[in-house]
Amino acid sequence: MQKRYHLDVASGLDQLLTDLPSEVILLHSPGGQIHFASHTAPMVFGEGTAVAHTNLFDHVHEADRVRLRNAFTESALKATASSPLTVRLSLPHGIQRWVVAHTQAVRDAAGHVIELHTTLRDVTGQVDLRDRIVEKDTLSHMTNVLAKVGGWYYDIATERYFWSDEVRKIHEVDDDFIPTNDSVSALFTSKDMQAITDATASVVETGTPQVLETATTTSKGNERWLRIFISASFDRGTAVRIYGATQDISEIREREEEMEKLVKELTIQRDLLEEFGSLISHQLRGPLTNLATIADLLVETTDDEERWRLMQALRESVKGMDRTLEEVSDAVHVRRRVHTKSERIDVARLIDSVTKELAPSILEIGASIDVDTSQLPEIVYPVVYFESIVRQLVTNALRFAHADRPLRVHLCTMTHSGDPLLTVRDNGMGMDLGKHGSRLFRLGSTFHKHSSGRGVGLFMVRSIVESLGGEILVESEAGVGTAFTVNLRTHDAEAT
Amino acid sequence: VKKDLIVALVDDDRIYQFTTERLLQRLDVHVQFLWFRDGEEALGYLTAHANDAERLPDILIVDINMPFLDGWQFLDAFLNKKSEFAKAIDIYMVSSSNDERERARAKETAGVLDYVEKPITKEKLAFILSQHH
């Protein structure tokens with residue numbers, strides 16, 4: 001009868017605790033010849049194995065014979081008990097069993113050793129269990145290493161922590177680090193620590209395990225993201241121990257963030273494609289269909305004056321198309337040149353050069369432009385793009401001046417949450433964003449009656465800003481004015 | 001004597017207005033032609049003459065892609081006021097777009113007779129006129 005303890009460690013242990021040990025007593029010569037075997041021999045050697053009057057070494061695994069023989073010799077010579085020895089028995093049908101051998105000398109009245117007394121205790125179950133535990137431990141360790149997960153517990157009564165090696169590794173603590181309430185708190189911001197404490201309190205109160213994600217700074221000062229699983233064990237309704245697992249999810253987080261960024265970029269590209277589709281069907285297809293109709297009319301017309309009028313219309317259509325195409329190809333150009341190098345820009349000087357360039361229009365409508373760069377005199381950005389953004393936004397303001405008052409344009413730079421911002425505010429016509437907000441930055445959208453816009457300018461600004469990683473926002477009120485806020489954040493800046 | 005039909009175009013494209021007017025003239029039917037550069041202008045006119053059947057158009061041809069109020073926004077505002085007008089007005093939505101979504105939207109919208117893709121030809125105009133009873 002062979003016992004196996006391979007089910008699981010816990011139930012194996014239970015079984016071991018209730019099992020009576022299988023033990024056999026042998027009397028034998030130092031050479032292994034067995035004179036006597038107790039009646040329990042079949043429990044160790046198996047039913048039907050002849051034991052008495054055989055040689056013990058014939059039952060012992062080849063590799064363990066020498067060690068056992070040495071123990072016997074030692075006992076016989078020194079007349080003492082040998083230290084326990086674990087050896088394997090090789091039994092019929094390929095069965096192998098682990099036993100612990102205790103040998104001592106048996107003496108006659110004169111004190112001479114006459115034979116040896118050996119008890120063999122079957123420890124196969126224990127050895128199996130030990131192997132199993134080692135195997136399990138190795139496996140879980142390997143899994144933990146790969147998943148960057150570590151286990152820990154906190155004993156509520158003693159306020160003691162236990163951290164597994166993986167947890168220590170995740171927090172990059174030294175060997176002499178002892179987790180205590182204070183030393184653990186130091187690894188988190190007070191806000192994050194509060195969240196962990198709250199989650200723990202909820203576990204203690206409700207018994208429902210909690211999972212939370214939090215940032216941490218390791219002992220070596222590295223930023224990491226953790227997922228912490230918290231549960232508790234209870235004794236008669238009172239939580240006694242908090243158990244948990246901590247996983248380093250920095251890599252996962254990083255990948256998620258990258259994915260998000262990619263999705264955002266793709267979404268922009270997809271929107272752009274859709275805008276191009278709509279631009280082609282409206283801004284370009286419109287004039288084209290006009291040309292077709294004019295051509296039809298021309299064919300049928302005999303009247304010279306009418307012919308001349310149609311020719312004029314034809315010319316105007318072609319010119320309009322040409323202008324639209326040119327502006328669109330400019331915008332596409334901007335989209336393609338996304339990797340222009342950033343440089344340090346003296347904002348006031350650059351704005352000044354743009355307004356000088358626009359001076360004729362500024363003078364013509366009597367606009368005043370003031371600039372405040374005191375909060376952020378320098379911006380790191382591709383200079384061509386920055387210039388383009390300023391020119392577009394100022395031109396836009398000039399185009400939509402309010403008829404009743406002189407136009408004032410205010411340009412201002414500042415930092416907000418570490419991002420450089422440019423705002424361009426005017427007291428012009430403004431617009432109802434409820435009506436136009438969603439279309440404002442789209443290609444080919446124009447909102448003002450009789451405007452000369454082709455709807456490419458703001459689209460171009462948005463293209464530049466977004467392709468570099470920033471964004472543009474607008475506030476406006478019909479009859480009051482408009483303010484554009486451009487976040488000039490760049491991907492480059494994030495990387496450093 | 002049968003009164004002239006009044007056809008109104010709501011479209012910001014001046015050339016398109018010019019060519020459509022010419023096409024109407026060549027149809028050999030008596031029509032009056034109105035042109036609004038955008039939805040607001042059209043709404044202003046319609047509201048001002050809401051009770052005057054003589055001056056309200058019989059047919060409105062609305063471009064979807066317009067600055068300021070676009071065609072759909074105009075349509076919403078128009079349908080809200082529809083009951084105030086002294087006569088029924090046929091609405092056609094037009095666009096140079098061959099976008100199926102716009103066509104579907106026009107077909108789904110109650111009060112829109114049809115979606116017409118630009119260019120508007122003499123034949124299409126004749127058909128639109130023939131649909132009016």
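Throughout, a chain's letter reflects where its sequence line sits, starting with A, and its residues are numbered from 1.
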Identify the two heavy atoms, one from B:I15 and one from A:A313, that lie closest to each other, and give their separation to 0.1 Å.
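Taking every non-hydrogen atom into account, CD1-O, 3.4 Å.
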State whether the number of non-hydrogen atoms from other residues, nucleotides or ligands found under 6.0 Å of [X] atom [atom1] is greater than 12.
X      : atom1 : result
A:R391 : CZ    : yes
B:K87  : NZ    : yes
B:R101 : CZ    : no

Does any backbone or side-chain atom of A:E300 lie under 4.5 Å from a heavy atom of chain B? Answer side chain, backbone, both or neither.
both
Please answer whether the main-chain N or O of A:T293 pairs with a side-chain N or O of B:R22 as donor and acceptor at a distance below 3.5 Å.
no
Roughly how far, to the nearest 0.5 Å, is OG1 of B:T19 from CG of A:L314?
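Here the rounded value is 11.5 Å.
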Hey, could you give me the NZ/CG distance between B:K118 and A:L288, rounded to the nearest 0.5 Å?
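So the gap between those two atoms works out to 12.0 Å.
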Of the listed residues (B:E117, B:R26, B:K122, B:R14), which shares the most heavy-atom pairs with chain A below a 4.5 Å separation?
B:R26
Quick check on B:F18 against chain A: is it the side chain, the backbone, both or neither that has a heavy atom closer than 4.5 Å?
side chain
